[in-house]
Amino acid sequence: MNKKLSSIFIILLFINCPTRQQIQPYERTKVLMDTFVQISIYDQNRSPEELNQIVELAFERIKQIEHITSNYDDSSFISMINREASNRAISLDSVMYDLILESDRINKLSGGAFDITIETVKRLWNFSEDNPRIPGDALLRAQLQWVGASHIEFKDNKLRFDSPEVKIDLGAIAKGYAIDEAIRILQENSISDAMVNGGGDLRTICTDLTRGKRKVWIKHPRNTEVLYGYFRMDEGSVATSGDYERYFDYESVRYHHILDPKIGYPARGCISVTIQAQNATQADGLATAVFVLGPESGLELIERLPGVEGIILFEEGGKLKSEASTGLKNKFKTR
Ligand code: AMP
Ligand code: MG
């Protein structure tokens, strides 16, 4: 598992558990989707055995979504699509359908900054610190012609690519979707106060047991010992995209995993973007989109979208600065 990703779980965002009433959550953690996924439930009526059964159903659902969407698994549905969608139109299952539909929406909203066809260029890079790879300019430019929404046809529940070079990647949105699905399973089982936290991307549902007691903390992106700021959130979703999640530094330049589809290189401008939205799919996708757009256009996009707020961290004059959207301006407290 990616060490940097896992550290976000502990250091980037966390929720203050209720203290006054001393109600302890029923809590389980599993490694899924390349990170730690923690499910916490506040419930005073059910036994640990009953809660355990419900939590297992939610974990099982996340595992299913991972098996559909992972590009690291040759037997996943997405791997099959990437091998075969240029030969024939592939009928999508409901998970793929939902994800392609939402990705298409965010692609349009962001003017192409968010683009799942980035995969063909992403494969030229290696962002691991042990074995970093920067692709040559000519190769990158040649491959860039296969990036773009126009290369995929999404019609009648079917997906088709116009070339074997076209590949898709749902790494910027699938974790959010898995979190939403886990919450849906909990709610189907009459759980109404819980948190699902996948490596710092999370969704909460709330009752009076936790109302007013949850704080979402953002850790300093350059000094993991320091808390940068927080806002309160009872119910909602939060996701963060950062240049410190998967990266290597080479000749004093940081190369990280969020790519600008126009140029095929890591997007510059933001250090991290935290998005609050009504569901985690949207929060996850938009965090990546806003990161690519950069602080100015990114903030404009956030302000345009109802129910969406955000905090952008960026560097100016060698100093870390933050900009919060209108709805979070008075709620986001820096330390
Ligand atoms: P996140 O941490 O949610 O911002 O997702 C980052 C991941 O999304 C990367 O590791 C890539 O797999 C993928 N990705 C990178 N750049 C883009 C982009 N411009 N649009 C969509 N997905 C991207
Ligand atoms: Mg994302």
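Starting from 1, each residue takes its place in the sequence as its number. Remember, it's 1-based here, ligands and their atoms both numbered in the order they're listed.
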Trainee: Quick one: does NZ or CZ of Lys331 land under 6.0 Å from the six-membered ring centre of Phe231, within 45 degrees of the ring axis?
Mentor: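 That pair does not qualify as a cation-pi contact.
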
Trainee: May I ask you to test the Ile100-Ile168 pair for a side-chain heavy-atom distance under 4.5 Å?
Mentor: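 In short, these two side chains touch, coming nearer than 4.5 Å.
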
Trainee: So is Arg246 actually on top of Phe127's ring, under 6.0 Å and inside 45° of the axis?
Mentor: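 Here Arg246 fails the 6.0 Å and 45° test against Phe127.
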
Trainee: Of the backbone and side-chain N, O or S atoms of Leu286, does one lie nearer to the Mg ion (ligand 2) than 2.8 Å?
Mentor: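 Leu286 does not place any N, O or S atom closer than 2.8 Å to the Mg ion (ligand 2).
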
Trainee: Please confirm whether the ring centroid of Tyr265 lies under 6.0 Å from the ring centroid of Tyr255.
Mentor: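 Aromatic pair excluded; centres sit 6.0 Å or further apart.
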
Trainee: In plain terms, say whether Glu188 and Arg184 are close enough for a salt bridge, that is, a side-chain N and a carboxylate O under 4.0 Å apart.
Mentor: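 Judged by the 4.0 Å cut-off on N to carboxylate O distance, Glu188 and Arg184 do form a salt bridge.
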
Trainee: So which pairs with a foot in residues 43-89 pass ring pair (Phe, Tyr, Trp, His ring centres under 6.0 Å), sequence neighbours left out?
Mentor: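 Ring pair (Phe, Tyr, Trp, His ring centres under 6.0 Å) check on residues 43-89 returns no pairs.
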
Trainee: Only one of Arg28, Lys63, Arg61 passes salt bridge (Lys or Arg N to Asp or Glu O under 4.0 Å) with Glu56; say which it is.
Mentor: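 Testing each of Arg28, Lys63, Arg61 against Glu56, the sole residue satisfying salt bridge (Lys or Arg N to Asp or Glu O under 4.0 Å) is Arg28.
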
Trainee: Counting backbone and side chain alike, does Asp284 bring an N/O/S atom below 2.8 Å of the Mg ion (ligand 2)?
Mentor: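 Yes - counting backbone and side chain alike, Asp284 has an N, O or S atom under 2.8 Å.
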
Trainee: Can you produce the list of protein nitrogen or oxygen atoms under 3.5 Å from a nitrogen or oxygen of ligand 1, alongside each distance?
Mentor:
{"residue": "ligand 1", "atom": "2 (O)", "partner": "Glu245", "partner atom": "OE1", "Å": "3.2"}
{"residue": "ligand 1", "atom": "3 (O)", "partner": "Asp284", "partner atom": "OD1", "Å": "3.0"}
{"residue": "ligand 1", "atom": "3 (O)", "partner": "Thr288", "partner atom": "OG1", "Å": "3.1"}
{"residue": "ligand 1", "atom": "4 (O)", "partner": "Ser241", "partner atom": "OG", "Å": "2.6"}
{"residue": "ligand 1", "atom": "4 (O)", "partner": "Thr288", "partner atom": "OG1", "Å": "2.7"}
{"residue": "ligand 1", "atom": "8 (O)", "partner": "Ala172", "partner atom": "N", "Å": "3.4"}
{"residue": "ligand 1", "atom": "10 (O)", "partner": "His257", "partner atom": "ND1", "Å": "3.0"}
{"residue": "ligand 1", "atom": "12 (O)", "partner": "Lys122", "partner atom": "NZ", "Å": "3.0"}
{"residue": "ligand 1", "atom": "12 (O)", "partner": "Asp169", "partner atom": "OD2", "Å": "2.3"}
{"residue": "ligand 1", "atom": "16 (N)", "partner": "Leu259", "partner atom": "N", "Å": "3.0"}
{"residue": "ligand 1", "atom": "19 (N)", "partner": "Ala113", "partner atom": "O", "Å": "3.0"}
{"residue": "ligand 1", "atom": "19 (N)", "partner": "Leu259", "partner atom": "O", "Å": "2.7"}
{"residue": "ligand 1", "atom": "20 (N)", "partner": "Asp115", "partner atom": "N", "Å": "2.9"}
{"residue": "ligand 1", "atom": "20 (N)", "partner": "Asp115", "partner atom": "O", "Å": "3.4"}

Trainee: Does Ser241 bring an N, O or S atom to within less than 2.8 Å of the Mg ion (ligand 2)?
Mentor: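 No - counting backbone and side chain alike, Ser241 has no N, O or S atom under 2.8 Å.
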
